[in-house]
Amino acid sequence: MSVQALHLRPAWAALKKHHQKVRRVQLRQLFAKDRERGTRLAIEAAGIYLDYSKNRITDETLGLLVQLAQESGLRDRIDAMFRGDKINTSEQRAVLHVALRAPRGASIIHDGQNVVPEVHAVLDRMATFAERVRSGAWQGHTGKRIRNVINIGIGGSDLGPVMAYEALKHYSERAMTFRFVSNVDGTDFAEAVQALDPAETLFIVSSKTFTTLETMTNAHTARDWLLSGLNNEPSATAKHFVAVSTNAEKVAEFGIDTANMFGFWDWVGGRYSMDSAIGLSTMLAIGPDNFRAMLEGFHEVDEHFRTAPFERNLPVLMGLLAIWYNNFFGAQTIAVLPYEQYLKRFPAYLQQLTMESNGKHVTLDGRPVNYDTGPVYWGEPGTNGQHSFYQLIHQGTRLIPCDFIAFARTLNPLGRHHDMLLANVFAQTEALAFGKTAKQVEAEGTPEWLVPHRLFEGNRPSNTILLDELTPAALGKLVALYEHSVFTQGAIWQIDSFDQWGVELGKALAQRIIPELEDVAEPKLEHDSSTNALIRRYRKMKGGT
Ligand code: F6P
C-alpha cells in the first residue's frame, strides 16, 4: 500500500486543527468532567498496566491518532516486519528481531527459509556453553574455573548486555564477576580488569561486524593482557576468548576458533540484538532458563503488538502519544523514569534504541522530512531524579512528557522502602498533572510575593507503566514495548528506523585523524582551521612541550 506524505494524510490535518482546540485544555478539567477517566484511559495487556489518562488528550485526540496510524499503513508495516520483508530499505535487509524470541516450532520465513530452528540451535549452543562455564566444567588455560566474564562490545553489542545484567542482577550467579568494556578510552579496559586473574577470566568479543574500531582495539588489548598474564602462550586464547558475531571470517582472523563463535544474522539490528547471541553474557549471568523466560516476555508483547487493535495496543498507543507531543506540541524530549534501581541503565539503553532508530532526516524514499522525527529520550531512576532535574519538569518552560515505570513488588523487601518508593511515583504523576493553583498556595498562608514561585501550573503529561515484579520476563516485555513504540513512530514518519548512516561520517574522519595524531613527523593537515589547530595543539600538549 502506498502511503501519502504525512501532511497530506487527512488525520494529520485534522490533528493540527484539533490541537488548536485542545492545546490549552487542562488535565484538571478533563478529570473533573469524566470521573472514570483514570480507569477508562488505562489498559492491561501482556502483564503490563498502562495508565495513559494523565495525557493531554481527549477521546477525539485518540480517535484521530488511531486514524493517523491507519492512514500511515501501520498495520501493513507490522505485517511486513513479521513476514520478513526487507523493510530496512536503505540497507536492503529484513528486520526480524521478533524471530529471536519466537517459540520453538514457530515459523518465520526469511529468503524462503524458516529462521526459527536456526535461532533455537544457537540458543541451545549458548545454553550448553553457559552451563559449562557456570558449573566449572569449562576450564581456563591453567585448569582454573572461570570466575570473571568481560563482554567487549559497543552500542547494541554493549548497552543491551550491560542493561540486562544490571536489571537482572537479582537472578545472577553472584559467585561470578561480570564486567563490560565498550569505550576506546583505555581507562574503560584498565578499570574492567582491575584485580582480576587472567587465568579465571573469559572475554566475550561481541560485534556484529567484527570490524568496529572500539571493540577490535579493546579485543586486542584484552588478548595482550591475557597472554602477558599467562606466560605468553598463544594457545591460551582458546579457553579465554569467545566471539559473538555475524562475521566468521573476521572472527577466525582475530584468532578465535569459530567453534567458539555464537552467530546471529544480518536481519538483527545491533540495537535490537540483546535477545540474540549478543545476550551471551546475560545468559552466563542469569542462566539459560531465566534467559528463555526473558524471551517469552518479549514474545508476549510481540504477539500483543501484532494482533491487538490499535486503540488497545500498548506500544501503538505509546508511539502515538510520542507523536502527539513531538509533532503537535513541539516537545523535544521524553523522559523515562524507572522507579526501580535495577533499571538504572534502562534509559541509556533506550537512548540507542530510540535515537539511533528514529533520528532520521529523510523518508524511506529519500525525501527530506518537513516535520520533527525522533525525540530525545533521557532519564534516570527515581527517586534520585526528583532531587535533580524534576524541578525543570514541574516548573520549567518546556513540555516534557514522562514515562514512569514501577513494579508492584520489590525484589528487596526492606521495611517501608517500597511503599515509599511507589508513593513517590504516584505523587509525582499527580503533581505533574494537577499542579497547585495560586489559590491553593495562598490558602496555605503563603505571602503574596512568594505565590508565583510556589505555584505549579500542572498539565504536565505522563504515562504510568506498572508491572508485577522485575522478572526476566518483565524485562523482555518492557524492552519489546519500547521497540514497538519506536516502530510505530517510524511508520508514521515513514522513515527507516533500522539503518544508522549517521554514525558513518565521524567514524571515517576518525580513521583519517588517527595517523595525524600518531605520526612522528609533523603531518600535513587539510581540515578546517579549527580542526587543524586542535590537532596541532593536542600533538604539542601530549608531547609535553
Ligand atoms: O553505532 C553504530 C553501530 O553500528 C550500532 O548500530 C551498533 O550497535 C554498534 O555500532 C556496534 O556494532 P558492532 O556490533 O558491529 O560492533
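Values below: every heavy atom of this structure, side chains too, minus hydrogens, waters and symmetry copies. Each ligand, and each atom within it, is numbered from 1 in the order the structure gives.
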Nitrogen or oxygen atoms of [X] and ligand 1 under 3.5 Å apart:
X: K507; result: no
X: G156; result: yes
X: S207; result: yes

Looking at [Y], is [X] sitting on its ring face, NZ or CZ under 6.0 Å from the six-membered ring centre and within 45 degrees of the normal?
X: R125; Y: F262; result: yes
X: K360; Y: W493; result: no
X: R223; Y: F254; result: yes

The atoms of ligand 1 lying under 4.0 Å from a heavy atom of I154, numbered in the order shown, are 9 (C), 11 (C)
If we count only non-hydrogen protein atoms and require a distance under 4.0 Å, does atom 10 (O) of ligand 1 qualify as touching the protein? no
Which bit of T209 gets closer than 4.0 Å to ligand 1, counting heavy atoms only: side chain, backbone, both or neither?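 For T209, the contact with ligand 1 is made by both the backbone and the side chain.
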Selection from E356, M216, R271, E504 by shortest heavy-atom distance to atom 6 (O) of ligand 1: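 Comparing heavy atoms across E356, M216, R271, E504, the nearest one to atom 6 (O) of ligand 1 lies in E356.
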Before accepting this row, confirm whether a basic side-chain N of the pair K477/D302 lies closer than 4.0 Å to the acidic partner's carboxylate O.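 Here K477 does not pair with D302 in a salt bridge, since their nearest N and O are not under 4.0 Å apart.
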Would you call D124 and R104 a salt bridge, taking side-chain N to carboxylate O under 4.0 Å as the test?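 Yes, this pair counts.
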Looking only at protein heavy atoms, which one is nearest to atom 12 (O) of ligand 1, and what is the separation?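 Among all protein heavy atoms, the one nearest atom 12 (O) of ligand 1 is T212 OG1, 3.5 Å.
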How are the rings of F241 and F203 set relative to one another: parallel (under 30°), tilted (30 to 60°) or perpendicular (over 60°)? parallel
Is there a heavy atom in Q352 that sits closer than 4.0 Å to ligand 1?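 True for this residue.
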Identify which one of Y349, F346, Y272 satisfies the ring pair (Phe, Tyr, Trp, His ring centres under 6.0 Å) criterion when paired with Y482. F346
